[in-house]
Engineer: 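Structure below; questions to follow.
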Amino acid sequence: MVYIEAFLLYVAVVLFMFVVLFGGAVFLYMLFGQLKLFFVKEDVTWEREKEFLYKLVKNRFFKFLILAYFATFTFFYINKAVDYFGVDRAYPKAKAYKIVADLILFDYDFFIANRNLYYRPIGLKFIKPYQKIQNYLMQKGFQYIPKDDAERAIWKYEYFYSQYVRAMAAPIDFEKLSPNDLGYILRIGGHPTIYKPTAKEMLIEVEYLLDMLMNNPMKDKRYDKVERYTTTILFSEWWQKFSFLHYTLGVRTVDEEQSKEYTRIEYQWTDDKKYLARLKRLSHWLDVTKEKFDTSKQLQKERKRHKLLYPDLMGLRVYFEMKLTYVDLLYKTFTCKMDNLQDYMKKRKDFIDYYKISNFKELSWKERTYAEGLVRYGQNGTIVYVLHNFCKVDKNKLKFKENISKNWDIKKIRIEKTKKILKGFKNGR
């Protein structure tokens with residue numbers, strides 16, 4: 001009964017889309033016919049309307065489009081069924097509903113997400129109905145998946161968060177924005193630089209889903225061997241960018257006053273024990289993920305298909321270790337043999353060696369800049385400075401697209417905690 005219900009839902013969605021798409025095409029065709037008659041100054045009669053419609057129905061190309069439409073979605077269903085009902089998969093009853101959800105996601109990505117409409121006010125008209133439908137299908141499927149199974153995190157990523165994660169964006173409550181703030185967003189191309197409560201709710205949910213992926217069992221072998229690790233990388237990328245939402249909701253601009261405020265907000269993480277505990281777990285899990293990528297044939301195939309995954313994984317390992325090392329430099333008694341400092345140096349070397357081999361040639365400029373930025377910016381400069389000038393590490397082992405100076409002017413550093421670290425070393429800490 002479950003499979004029949006899910007299949008009928010699939011058919012209903014396909015037929016609804018057919019009515020919308022082809023009904024719209026027929027309407028435009030009839031309208032064109034009426035305009036044609038108008039310009040030649042002939043009366044538009046029902047007989048002429050039927051004549052236009054008859055020609056359309058008899059048109060071979062129109063028939064081919066209808067046939068191609070149903071063939072495409074028949075193949076889509078068969079392809080998904082073969083995948084989801086395979087021997088290494090789990091919860092087939094849940095997967096029956098997942099096929100329907102995949103179809104709706106396909107349509108949403110094609111018409112809305114790929115055109116970035118979910119960044120804009122008009123997108124709300126589509127996002128809310130989409131989320132209601134997907135939530136209905138997800139709850140149907142979750143009846144057959146245990147609450148502690150991490151496959152639930154995969155579903156939520158795919159249907160609710162993948163568009164934001166891929167775009168490195170956060171939800172915006174457009175209806176709560178002032179006209180000035182809304183105008184600011186639209187002027188800069190729709191990029192979500194204004195964060196509201198919905199964005200923080202997503203952050204909290206992403207943290208919960210990351211914990212599930214790292215800690216919970218997963219019966220579906222395909223998901224356990226591949227998606228568990230790929231989704232963790234994608235969520236980790238998004239999380240490292242938006243974790244500041246724990247501290248404030250506001251506007252990020254080039255305005256000097258706002259920049260100072262944003263800097264103050266960013267550096268509150270050094271005192272947040274929950275944040276640091278999650279950071280440590282994520283750092284360890286990314287080390288496990290790297291080992292899996294290096295040894296698993298399935299993940300190596302995924303690495304070739306999604307070229308950005310592995311460079312980002314390598315960069316995130318350095319970035320998270322950088323954060324942990326920075327806190328150690330700030331609060332612990334310093335020695336050059338501190339564990340996090342040694343781990344940072346090793347992961348940075350891993351990244352540099354990998355970069356020398358690959359040179360990220362397969363990535364676009366934007367993708368390459370992001371992966372490189374994880375190793376170049378943030379507190380990386382402070383840690384590299386300490387390693388080179390106080391631990392006497394050869395700069396060739398540390399250098400990555402930046403100069404390593406022995407004369408770093410502390411007066412030019414705006415971050416008070418960074419000044420504290422460097423002054424401590426200057427004074428013989």
Side-chain angles (χ1 to χ4, degrees), residues 1-39 43-85 93-143 155 158-160 162-163 174:
M1 187 64 186
V2 170
Y3 299 106
I4 294 174
E5 180 186 10
F7 179 74
L8 290 176
L9 282 171
Y10 183 88
V11 172
V13 173
V14 171
L15 291 175
F16 175 77
M17 289 163 49
F18 175 80
V19 170
V20 172
L21 291 174
F22 285 87
V26 170
F27 172 78
L28 290 174
Y29 181 85
M30 300 291 285
L31 181 63
F32 175 77
Q34 290 186 5
L35 290 173
K36 185 177 179 182
L37 291 174
F38 174 79
F39 283 112
D43 292 334
V44 179
T45 64
W46 172 239
E47 292 300 322
R48 299 304 298 271
E49 292 276 10
K50 287 196 294 183
E51 182 183 340
F52 278 122
L53 187 58
Y54 180 77
K55 286 181 179 180
L56 179 64
V57 172
K58 289 294 184 180
N59 185 283
R60 289 184 179 180
F61 182 68
F62 188 72
K63 290 180 180 179
F64 170 77
L65 287 178
I66 294 175
L67 182 63
Y69 174 86
F70 285 106
T72 298
F73 289 108
T74 300
F75 176 78
F76 182 93
Y77 186 88
I78 294 171
N79 185 54
K80 291 289 183 180
V82 169
D83 180 17
Y84 289 157
F85 301 145
K93 290 182 179 179
K95 296 294 199 299
Y97 290 105
K98 195 174 191 303
I99 295 175
V100 188
D102 283 350
L103 174 62
I104 294 171
L105 177 64
F106 171 81
D107 296 332
Y108 178 78
D109 276 350
F110 184 80
F111 291 106
I112 305 299
N114 290 343
R115 286 155 180 75
N116 293 339
L117 292 182
Y118 62 100
Y119 284 173
R120 301 174 179 274
I122 191 175
L124 286 178
K125 297 177 181 179
F126 300 98
I127 290 174
K128 290 182 179 179
Y130 163 80
Q131 289 179 337
K132 286 181 180 179
I133 295 169
Q134 291 293 51
N135 190 58
Y136 168 79
L137 292 169
M138 195 167 64
Q139 295 308 317
K140 282 281 190 179
F142 280 3
Q143 295 177 66
W155 284 49
E158 291 179 354
Y159 301 136
F160 290 151
S162 59
Q163 298 87 8
F174 285 108

Engineer: Please name the pair of heavy atoms, one in Ala6 and one in Ala96, separated by the smallest distance, quoted to 0.1 Å.
Structural biologist: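 Taking Ala6 first and Ala96 second, the nearest heavy atoms are CB-O, 3.5 Å.
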
Engineer: With ring pair (Phe, Tyr, Trp, His ring centres under 6.0 Å) as the test, pick out the partner of Tyr77 among Tyr3, Phe70, Tyr10.
Structural biologist: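 By the ring pair (Phe, Tyr, Trp, His ring centres under 6.0 Å) criterion, Tyr77 pairs with just one of Tyr3, Phe70, Tyr10: Tyr10.
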
Engineer: Just so I know, are the side chains of Asp102 and Phe76 near enough to count as touching, which here means a heavy-atom distance under 4.5 Å?
Structural biologist: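 Yes; the side chains approach each other to less than 4.5 Å.
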
Engineer: Determine the minimum heavy-atom distance between Leu105 and Gln163, stating which atoms define it.
Structural biologist: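 Scanning both residues completely, I find the closest heavy atoms to be CD1-NE2, 3.4 Å.
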
Engineer: How long is the span from the CD1 atom in Ile104 to the CD1 atom in Ile99, to the nearest 0.5 Å?
Structural biologist: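 Separation between the atoms: 12.5 Å.
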
Engineer: Are any of the side-chain heavy atoms of Phe142 and Trp155 separated by less than 4.5 Å?
Structural biologist: yes

Engineer: Might you confirm whether atom CZ of Phe16 has over 12 heavy atoms from other residues, nucleotides or ligands at distances under 6.0 Å?
Structural biologist: no

Engineer: Are any non-hydrogen side-chain atoms of Asn135 and Gln139 less than 4.5 angstrom apart?
Structural biologist: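 Sidechains of Gln139 and Asn135: in contact.
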
Engineer: When you compare the side chain of Asp83 with that of Lys95, does any pair of heavy atoms fall below 4.5 Å?
Structural biologist: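 No, too far: nothing below the 4.5 Å cut-off.
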
Engineer: For the residue pair Tyr136 and Val100, establish whether any side-chain heavy-atom pair is separated by less than 4.5 Å.
Structural biologist: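 Not touching, per the 4.5 Å side-chain cut-off.
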
Engineer: Treating Gln134 as the side-chain partner and Ala101 as the backbone partner, does any N or O pair qualify as donor plus acceptor under 3.5 Å?
Structural biologist: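 Side chain of Gln134 to backbone of Ala101, a donor-acceptor pair under 3.5 Å: yes, one is there.
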
Engineer: Would you compute the distance between atom CZ of Phe106 and atom NZ of Lys80 and round it to the nearest 0.5 angstrom?
Structural biologist: 10.0 Å

Engineer: So do Tyr69 and Val14 actually touch side chain to side chain, heavy atoms under 4.5 Å?
Structural biologist: yes

Engineer: Given side-chain contact (heavy atoms from CB on, under 4.5 Å), test Phe64 with Arg60 step by step and report yes or no.
Structural biologist: CA-CA 6 Å; Phe64 170 77; Arg60 289 184 179 180; over 6 Å; no

Engineer: Do Leu137 and Leu9 have side chains that get closer than 4.5 Å, going by heavy atoms?
Structural biologist: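 Result yes, sub-4.5 Å side-chain heavy-atom pair found.
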
Engineer: Can you find a heavy atom in the side chain of Tyr97 that is under 4.5 Å from one in the side chain of Gln143?
Structural biologist: no

Engineer: To the nearest 0.5 Å, tell me how far Leu67 CG sits from Thr74 OG1.
Structural biologist: 9.5 Å

Engineer: How long is the straight-line distance from CE of Met138 back to CD of Gln131, given to the nearest 0.5 Å?
Structural biologist: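 It is 10.0 Å, given to the nearest 0.5 Å.
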
